[in-house]
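Working notes for the structure below.
Computation of the quantities below employed the complete heavy-atom set of this structure, encompassing side-chain atoms and omitting hydrogens, waters and symmetry-equivalent molecules. Below, read A as the first sequence line, B as the second, and so on, with proteins coming before strands; counting in each chain starts at 1.
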Protein chains: 2
Amino acid sequence: MSTDARESLLRAAQQLYAANGVAATTPRQVIERSGVGHGSLYHHFPSKRDLALAAVGRSVDEALASSSDALNAHTESRARIAAYLERPREATSGCRIGRLTADPFVAADEDLSASVARYFLDLIGLVADVFEEQGLDGGVARDRATAAVAVIQGGYVLSRATGDEEMMRAAVRGFLGLVDAPQRPEGDS
Amino acid sequence: MSTDARESLLRAAQQLYAANGVAATTPRQVIERSGVGHGSLYHHFPSKRDLALAAVGRSVDEALASSSDALNAHTESRARIAAYLERPREATSGCRIGRLTADPFVAADEDLSASVARYFLDLIGLVADVFEEQGLDGGVARDRATAAVAVIQGGYVLSRATGDEEMMRAAVRGFLGLVDAPQRPEGDS
DNA sequence: GTCTATAGGACGATAGAC
DNA sequence: GTCTATCGTCCTATAGAC
């Protein structure tokens, strides 16, 4: 079937991009992992860029959907934030989207860069909505959501750098400990 | 002079690694930027790995020294933390050390990976010392320091992804806003 | 120590048969 | 749609003259 080869190629590319990034992933690797032939790759995706656009776009959609699921798994806002922050992650592998910010192939392509930017802007929006539920002012909620997403992205960097899953957990504990501390009421000096 | 060529090569490599990473930086680029000849590069650094070890090691030392400077620019612990978090950064360029966690060339080399790991472990140690000054328990201080370093690394990712320096500032505001909230005394329920 | 010339291989991509 | 064969380029590294 024609969609099978295309599907295999996309899946293989997504896995290889997650492990090594786009720039360092070669057509040969995609071919070997997917099991299709050289000719098929260039039939379905005329250039490396076409494959990257499709595979990265799909990874972004999947990552947004699964973050959204974690945020909506509870009703109380504190539990929703904690569910997002404490979601199981293979932290020492790094974030498959976040790592693309350091990828030369992505940086050189406007459309690929736009996919990555959209991921983070949408994600921060989802988290900010939950902080607003807590009655926080919109600007404060957005700053706090940006910090929360940054803690996760930084946790990936630290866990990958040290090869230690515990770094992600420590960063999340450090952040959640602050969120759980009694908050100053609005307008207090 | 012999040290001049070596010095030029190292500086060029550091700049190129900061912009594009190690894997994507070719000998040709290093030669052109440094102004030395092809033969000189391979005289001073027999392989790409040798150049990378020297250049990355130096970038790590420089980054640790400048973080240490920021943390020691004040006496009061809150001001020291804020000085580290709010230090001027070219956030949209990404962290020159943090980006190496996504670099295939670094990942494939134990010694390069160890340099990057050392950077983050030492940096977290420096920040944790300041939180301990505030009277925090050692474990809590370390978690909070890990979160602080993660916020900066994540801020780099977010700023680079969106091309917006404001993302780093928002993440820092979000985190500092929590640190500045009145803290629950030790042992309180 | 620095130069030019070049090796051997992998890269992204294309051609044309089936 | 998939195959094999091949192109031109750039890569990292070496050779050997100066």
To the nearest angstrom, how far is [X] atom [atom1] from [N] atom [atom2]?
X     : N      : atom1 : atom2 : result
B:L41 : C:dT4  : CG    : C1'   : 15 Å
A:F45 : C:dG12 : CZ    : C1'   : 16 Å
B:N20 : D:dC11 : CG    : P     : 12 Å
A:D50 : C:dA13 : CG    : P     : 9 Å
A:L9  : C:dG12 : CG    : P     : 14 Å

Under 3.5 Å, which N/O atoms of the protein pair with N/O atoms of nucleotides 14-18 of chain C?
residue, atom, partner, partner atom, Å
C:dT14, O4, A:H38, NE2, 3.2

Q) Which residue pairs pass the salt bridge (Lys or Arg N to Asp or Glu O under 4.0 Å) test with at least one member in residues 143-155 of chain A, sequence neighbours excluded? A)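 Output for this query lists A:D143-B:R173.
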If you look only at pairs with a residue in residues 88-114 of chain A, which of them pass as a salt bridge (Lys or Arg N to Asp or Glu O under 4.0 Å), with sequence neighbours excluded?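 Passing the test, one end in residues 88-114 of chain A: A:R49-A:D109, A:R49-A:D111, A:E62-A:R96.
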Counterpart residues, salt bridge (Lys or Arg N to Asp or Glu O under 4.0 Å), relative to B:D61 (two or more places apart):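 B:R118.
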N/O to N/O distances under 3.5 Å, protein versus nucleotides 8-11 of chain C:
none

Among residues 99-115 of chain B, which residues get a heavy atom nearer than 4.0 Å to DNA chain D?
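None, since no heavy atom is under 4.0 Å.
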Strictly below 4.0 Å, N to O, side chains only: are B:R11 and B:E7 in salt-bridge contact?
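The answer is yes: the pair qualifies as a salt bridge.
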Discussion item. One thing to verify: whether A:R80 and A:E133 come together as a salt bridge, which I'm taking to mean a side-chain N less than 4.0 angstrom from a carboxylate O.
Written reply: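 Result for this pair is yes, salt bridge flagged.
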Would you tell me if any nitrogen or oxygen in the side chain of B:H43 comes within less than 4.0 Å of OP1 or OP2 on C:dC3?
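No.
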Original post:
Is there a side-chain polar atom (N or O) of B:S47 under 4.0 Å from OP1 or OP2 of D:dT12?
Top reply: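 So the side-chain polar atoms of B:S47 never come under 4.0 Å of the phosphate oxygens OP1 or OP2 of D:dT12.
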**Asked** In chain order, what residues pass the side chain to side chain donor-acceptor pair (under 3.5 Å) check against A:D50, with sequence neighbours excluded?
**Response**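 With neighbours one apart ignored, the set is A:S47.
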message: Can you list everything that forms a side chain to side chain donor-acceptor pair (under 3.5 Å) with A:N20? Sequence neighbours excluded, please.
response: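 Here no residue qualifies.
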Once side chain to side chain contact (heavy atoms under 4.5 Å, CB included) is applied, do any residues pair with [X], and if so which ones, sequence neighbours excluded?
X      : value
B:S34  : B:S8, B:L9, B:A12, B:V36
B:D164 : B:T162, B:E166, B:M167
A:S67  : A:Y84, A:R87, A:Y119, A:L123

Donor-acceptor contacts, no H, no angles, side chain residues 21-29 of chain B, under 3.5 Å, sequence neighbours left out:
residue, atom, partner, partner atom, Å
B:T25, OG1, B:G21, O, 2.5
B:T26, OG1, B:Q29, N, 3.3
B:Q29, OE1, B:T26, N, 2.8

